[in-house]
S.K.: 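I am attaching a structure below and will ask some questions about it afterwards.
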Amino acid sequence: MAGGGGFLDLERHFAFYGAYHSNPVNVFIHALFVWPIFLTALLLLHLAAPFPRAAAVFTAVYGAFYVSLDRRSGALAALLCLLCWAASSALAARLGFSVGWKVVLIAQLFCWTMQFIGHGVFEKRAPALIDNLVQALMMAPYFVLLEILHKFAAYEPYPGFHANVQKLIDAKRKEWADKKAKKMS
């Protein structure tokens with residue numbers, strides 16, 4: 001069954017993000033570094049949250065969003081979010097603020113630097129967050145998981161999903177290339 005449309009349109013979300021991630025090296029870089037960004041963002045919330053349980057709320061919002069997009073892969077993504085929350089909670093308790101924020105800073109800088117290298121060197125395109133920060137940050141962990149599930153388990157949320165998304169990605173990439181060509185002429 002196709003996506004829910006609008007905010008819950010999985011094909012649209014996946015195509016938006018996928019249009020910025022077609023180079024296999026860039027995709028691999030994202031597979032390695034997106035979830036550590038998520039985990040260390042949770043660690044930061046455990047250490048310096050603006051309100052109690054902010055990390056839990058953050059985790060619940062991401063998990064619920066992923067489940068609403070696709071029950072099966074979304075449940076797995078929600079479980080990964082929960083595991084990141086538990087790991088970040090344990091790290092926060094063990095490291096404390098004085099060491100924990102340094103771990104967050106180093107990990108975030110390294111992981112984001114790798115993301116930008118992936119886009120600049122291999123993708124040769126600005127990251128998705130330049131065009132839609134919220135969607136890129138919300139979709140990145142789930143996108144990476146769906147890519148891995150598709151590659152290693154041929155997973156599709158429903159039959160024809162990846163074929164439909166690839167058409168949308170191709171159209172978005174053509175539109176981007178046409179705009180780039182117009183600017184050059």
Side-chain angles (χ1 to χ4, degrees), residues 3-45 54-55 57-70 73-74 76-85 88 104-105 107-151 155 157 161-162 164-180:
F7 184 66
L8 299 178
D9 187 342
L10 181 55
E11 284 184 13
R12 183 179 59 81
H13 286 302
F14 199 82
F16 168 80
Y17 199 80
Y20 292 83
H21 302 89
S22 62
N23 180 279
V25 175
N26 189 38
V27 170
F28 180 71
I29 287 169
H30 281 65
L32 290 178
F33 296 109
V34 164
W35 281 95
I37 288 171
F38 182 80
L39 181 128
T40 55
L42 288 173
L43 176 57
L44 182 60
L45 286 175
V57 170
F58 187 86
T59 301
V61 167
Y62 269 70
F65 178 59
Y66 297 155
V67 170
S68 70
L69 292 171
D70 176 50
S73 63
L76 179 57
L79 176 62
L80 290 174
C81 290
L82 184 61
L83 292 173
C84 286
W85 173 82
S88 63
V104 169
L105 180 65
Q108 288 278 323
L109 285 173
F110 180 72
C111 292
W112 281 107
T113 297
M114 295 305 295
Q115 303 282 340
F116 283 103
I117 288 171
H119 280 282
V121 174
F122 300 103
E123 198 72 49
K124 301 201 184 326
R125 183 172 188 189
L129 60 85
I130 300 298
D131 291 331
N132 190 330
L133 178 64
V134 174
Q135 186 184 36
L137 294 177
M138 281 294 292
M139 287 305 296
Y142 187 58
F143 175 79
V144 166
L145 177 64
L146 276 179
E147 282 284 296
I148 291 168
L149 288 173
H150 180 66
K151 182 170 182 76
Y155 178 78
F161 172 79
H162 284 286
N164 294 346
V165 167
Q166 192 57 54
K167 288 177 192 169
L168 293 170
I169 289 171
D170 292 344
K172 287 181 181 297
R173 291 190 64 77
K174 183 180 181 331
E175 180 183 320
W176 174 70
D178 291 347
K179 282 182 185 176
K180 188 176 176 183

S.K.: Which residues satisfy the salt bridge (Lys or Arg N to Asp or Glu O under 4.0 Å) test with Lys179, sequence neighbours excluded?
M.R.: Glu175
S.K.: For the residue pair Leu80 and Leu145, what are the closest heavy atoms and their distance?
M.R.: CD1-CD1, 3.9 Å
S.K.: What is the minimum heavy-atom distance between Asn23 and Val25, and which atoms define it?
M.R.: OD1-N, 2.8 Å
S.K.: Less than 4.5 Å apart, side chain to side chain, heavy atoms only: is that true for Leu69 and His13?
M.R.: yes
S.K.: Shortest non-hydrogen contact from Cys81 to Gly63?
M.R.: SG-N, 4.4 Å
S.K.: What residues form a ring pair (Phe, Tyr, Trp, His ring centres under 6.0 Å) with Phe33, not counting sequence neighbours?
M.R.: Phe110
S.K.: List in chain and number order the residues that pass ring pair (Phe, Tyr, Trp, His ring centres under 6.0 Å) with His30, two or more places apart in sequence or in another chain; answer none if no residue qualifies.
M.R.: His21, His119
S.K.: Measuring from atom CZ of Phe161 to atom CG of Leu10, what distance do you get when rounded to the nearest 0.5 angstrom?
M.R.: 4.0 Å
S.K.: With rounding to the nearest 0.5 angstrom, report the OG1 to CD1 distance, Thr113 to Ile29.
M.R.: 11.5 Å
S.K.: So how far is it from Leu83 CG to Leu79 CG, rounded to the nearest 0.5 Å?
M.R.: 4.5 Å
S.K.: Please round to the nearest 0.5 Å and tell me the distance separating atom CD of Glu11 and atom CD1 of Ile169.
M.R.: 10.5 Å
S.K.: Looking at every heavy atom in both Leu149 and Ser73, which two are closest together, and how far apart are they?
M.R.: CD1-CB, 3.9 Å
S.K.: Is Lys174 salt-bridged to Asp170, cutoff N-O under 4.0 Å?
M.R.: no
S.K.: Can you confirm whether or not the ring centre of His162 sits under 6.0 Å from the ring centre of Phe14?
M.R.: yes
S.K.: Applying salt bridge (charged side-chain N to carboxylate O under 4.0 Å, His left out), which residue pairs with at least one partner in residues 117-143 are found, sequence neighbours left out?
M.R.: Glu123-Arg173
S.K.: Could you list the residues that satisfy side chain to side chain donor-acceptor pair (under 3.5 Å) with Thr59, not counting sequence neighbours?
M.R.: none
S.K.: Output, in order, the C-alpha distance, side-chain angles, deciding distance and verdict of ring-ring contact (aromatic ring centres under 6.0 Å, His included) for Tyr142 and Phe65.
M.R.: CA-CA 10 Å; Tyr142 187 58; Phe65 178 59; 7.7 Å; no
S.K.: Between atom CH2 of Trp35 and atom SG of Cys84, what is the distance when rounded to the nearest 0.5 Å?
M.R.: 5.5 Å
S.K.: Between atom CH2 of Trp112 and atom CD1 of Ile37, what is the distance when rounded to the nearest 0.5 Å?
M.R.: 4.5 Å
S.K.: With sequence neighbours left out, write down each residue that passes ring pair (Phe, Tyr, Trp, His ring centres under 6.0 Å) with Phe16, or none if nothing qualifies.
M.R.: Tyr20
S.K.: Work out which heavy atom in Ala140 is nearest to a heavy atom in Tyr17; give both atom names and the distance.
M.R.: CB-OH, 3.2 Å
S.K.: Are the ring centres of Phe58 and Phe38 closer than 6.0 Å?
M.R.: yes
S.K.: Answer whether the closest heavy-atom distance between the side chains of Tyr155 and Asp70 falls below 4.5 Å.
M.R.: yes
S.K.: Looking only at non-hydrogen atoms, find the nearest pair between Ser88 and Trp85 and report the distance.
M.R.: OG-O, 2.9 Å
